[in-house]
Amino acid sequence: MDVSFILDALNDKQREAVAAPLQNSLVLAGAGSGKTRVLVHRIAWLMHAYELSPYSLMAVTFTNKAAREMQGRIEQLVGLPPQGMWVGTFHGLAHRLLRAHWRDAGLKENFQIMDSDDQLRLVKRIMREFNIDDTRWPPKQVAWFINGQKDEGRRAAHVPDSHDPFSKGMRELYYHYEEACERNGLLDFGELLLRAHELMLTNPALLKHYQQRFVHVLVDEFQDTNTIQYAWLRVMVGDTGTITAVGDDDQSIYGWRGAKIENIQNFSKHFNDVATIRLEQNYRSTGQILKAANGLIQNNDDRLGKELWTDSGDGDPISLYAGFNEQDEARFILEIIKKWRDDGTALKDMAILYRSNAQSRVIEECLVREQLPYRIYGGHRFYDRLEIKNALAYARLAVDPNDDGAMERVINVPPRGIGERSIGTLREIARDQGCSMWQAAEHIVQHGVMPARASNAIKNFLQIIDGMGNTLIQPDLGLGDVFEHIIQEAGLIPHHEKEKGEKGEARIENLKELVSAASGFSWSEDDEEFSSPMMAFLDQAVLDAGEAQADEYQDSVQLMTLHSAKGLEFPLVFLTGVEENLFPSKMSFEEPGRLEEERRLCYVGITRAMEKLYITYAESRRLHGSESFNSPSRFIREIPQECIEEVRLRSQVARPVSMQRHNYQGTLQKQNQSILHGYQVPETNVSMGDRVKHPVFGEGLVINYEGQGPQARVQVNFDTEGTKWLVLSFAKLEVL
DNA sequence: CCTACGCACTTTTTT
DNA sequence: AGTGCGTAGG
């Protein structure tokens, strides 16, 4: 069979990885080295060279986006969809196993998946029920604790006993939480993985079946696996299967949520006869950018070791800009963006990266002022939005009125006269009778045990839900129509119309989008596990947050955190706020490993840039209301200095010693007039970039300033006399 | 029952 | 500074 189409157009190392024998292999794929390509071609190779059926392959990713991309590229390469192959996220595949084997997994047939929001609500509910002090055990922290334990594969019973009351309480709460989930048929994200793992361990026949089925397993972003994911993989592969793990230890940035970099570091110890292949040729960035990235990451210990290289030239050095505050930083970025745009670069090819979301605001304001379109990645996901979650809760109630979580969520949204008092009564009855809140509500309405006003309100609600339930069983209604009804019946549109500002409008727009998402939903393929389209849709809504935003196709500047930038690339990248305490974040100073993770994050940031990278920081920054003076990040110092070019002379005037200590001695290499133009010097009529005339020195260009009021000084680059600092109140400068 | 005000918090995010 | 949450008053 001709397999050249699989191996051609690969470099030697990629080919080595793709055509490796059917054995365990670890592909250390540096940034921009064609990782997904290798994965996809490996799959095609296994199918052709070893005549493996797609049925015997499983490919695991972390995000739905990555799974979709892989699926698409396999189709593209092989020419048809890989029938029977399992391609999906850890959670998606675990979910699939549990739906198929719910009985063996000890679940209810109609079990529901909770997202983190549902989970937090459940935690709060439990804490209320048991009268637990939520100042000593903040619900968020409780949820965090439970998730952390599940990531480690521990149930409440496995949590080591402790004598300190706080830990004891946590453990106790975990018990209650487990019990509540069990009773209500609820699974959080961690539970999907944990339960899928246990399903395999407790059902040897089932395990054998899957181990025999999956001859080869492929894993993307292996450095991000946590304990339970790794354990599950090992069980699924077993002694008979083999695995290809693709990842990059230098890009492990999720340790804080349980990812174990050790998994990739020790991979060769846990699996037999591992072939390790390094992909170090980078097809993305210029030589200078790679040199900077390599230099920086060398400061980490315990690396598997890897050095990126390219054969496509050095490119521009990295530009470093010191803003005097965050406003200045933002304005600088905007100037560069406008320059690149005028030179023909599309806005979507420019990315502004920052360490924390709070930093985006200043930049956004600047973008708005300059009327440049932008798009912020991350933020709230579509299905996470309040209005969407409410609509989905109505749908859940329509499917199963006994869904207490959904009931609590929307019973009084929009306000319909069922307040905390009434809900409390419902909860009480439900608990005493061991029934659902819905049944409690029916009881109340029938027996009139509550004041007429409250009783009527509840009756009204029951009727609304009943009506929704009816639309579900009408065969001629599509999923979109059902949601249309639901939103209508619930009165969500008028409810959001009442909201002030543009918020309500946006929410109504989102609800419309939900309707169209529902109409476009198809569950045809291999989803025989699901009993109805609505159920499938609801599951999908929880597991796949629906990334796309409306303005996706508009050409716009891309803003995102460094974490969400992983896996992406842009010709022009700004790495902003590169200051001590911010990046590395001061939160990372406590645990030793965290600083290395910050450094990897910086490495990720640098390697996003294809052509040109700007690193910026601000000498003074207003964040969370107060002003702080941070020194430039240590990461800047760790980059080989020959890769860096400063775009502004650091001011040489008096400053607090603490700041001066960190100043760079870099010299002014290039004056960029367009950069500086438009900078207003406070309380004067002189602007940066202005041409001025001095009675003695002649004409020159204002390139910097310092101080305020009578002490204000400007630096002028005179045409004939060089640069000089002048005190504005003395020098007789004339603006030309 | 709803609205308004005051308080505390603030790294990173996917599923 | 801004937001989200909980409590106090209308």
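It should be emphasised that the depicted structure is a prediction, and the values quoted were computed from it without experimental measurement. We name chains A, B, ... by the order of the sequence lines, and we start the count at 1 in each one.
Rounded to a whole Å, the CD atom of Gln359(A) is 16 Å from the P atom of dG2(C). Distance CZ (Phe62(A)) to P (dT14(B)): 13 Å, rounded to an integer number of Å. Residue Glu597(A) contributes atom CD, which lies 15 Å from atom P of dT11(B) at whole-angstrom precision. With rounding to whole Å, Gln141(A) atom CD is found 16 Å from dC5(C) atom P. Atom CZ of Phe90(A) and atom P of dT14(B) are 16 Å apart (whole Å). The CD atom of Glu221(A) sits 12 Å away from the P atom of dT15(B) (whole-angstrom rounding). Leu582(A) has its CG atom 9 Å from the C1' atom of dT11(B), to the nearest Å. When the C1' atom of dT13(B) is taken as reference, atom OH of Tyr383(A) falls 19 Å away, rounded to whole Å.
Interface remark: the Arg257(A) side chain does not form any donor-acceptor pair with the dT11(B) base, using a distance-only criterion of under 3.5 Å.
Ser116(A) has no side-chain polar atom (N or O) that falls below the 4.0 Å cut-off from OP1 or OP2 of dT14(B). Distances shown here put a side-chain N or O of Asn357(A) below 4.0 Å from the OP1 or OP2 atom of dT13(B). Here Ser626(A) does not reach the OP1 or OP2 of dA1(C): none of its side-chain N or O atoms lies under 4.0 Å away. Residue Asn64(A) places at least one side-chain N or O under 4.0 Å from the OP1 or OP2 atom of dT15(B). For Arg361(A) and dT3(C), the shortest distance from a side-chain N or O to OP1 or OP2 is below 4.0 Å.
No hydrogens or angles considered: nothing links the side chains of Tyr377(A) and His563(A) as a donor-acceptor pair under 3.5 Å.
Using a 4.0 Å heavy-atom cutoff across all strands shown, Ile418(A) reaches sugar-phosphate atoms only and no base atom. Nucleic acid contact class of Ser422(A) (heavy atoms, under 4.0 Å, all strands): sugar-phosphate only.
Comparing Thr89(A) and Ser585(A), the nucleotide of DNA chain B nearest to each residue sits closer to the 5' end for Ser585(A). Between Asp384(A) and Arg594(A), the residue anchored closer to the 5' end of DNA chain B is Arg594(A), taking for each the nucleotide with the nearest heavy atom.
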Apply salt bridge (Lys or Arg N to Asp or Glu O under 4.0 Å) to the pair Glu598(A) and Lys586(A), showing each step before the final yes or no.
CA-CA 10 Å; Glu598(A) 296 280 308; Lys586(A) 61 167 170 271; over 6 Å; no

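Here Trp256(A) does not count as stacked on dT11(B), because the ring centres are not under 5.5 angstrom apart with planes under 30°.
When each of dC1(B), dC2(B), dT11(B) is scored by its nearest atom to the side-chain atoms of Pro415(A), the top-ranked nucleotide is dC2(B). When the nucleotides dT11(B), dC2(B), dT13(B) are ranked by their closest atom to the side chain of Asn412(A), dC2(B) comes out on top. Distance from the side chain of Tyr254(A) is smallest to dT13(B) among dT15(B), dT12(B), dT13(B). You'll find that the side chain of His624(A) is closest to dT10(B), out of dC1(B), dT12(B), dT10(B). Side-chain proximity of Ser564(A) to dT10(B), dT13(B), dT15(B): nearest is dT13(B).
Arg608(A) contributes a side-chain N or O that, together with a main-chain N or O of Val604(A), makes up a donor-acceptor pair within less than 3.5 Å. Judged purely by atom type and a 3.5 angstrom limit, Glu638(A) has no side-chain atom pairing as donor or acceptor with the backbone of Ile297(A).
Note: Trp137(A) and Phe145(A) fail the aromatic proximity criterion, with ring centroids not under 6.0 Å apart.
Between the P atoms of dG4(C) and dT13(B), the separation comes to 16 Å (whole Å).
Taking the charged nitrogens against the carboxylate oxygens, Glu597(A) and Arg600(A) do have a contact shorter than 4.0 Å, which makes a salt bridge.
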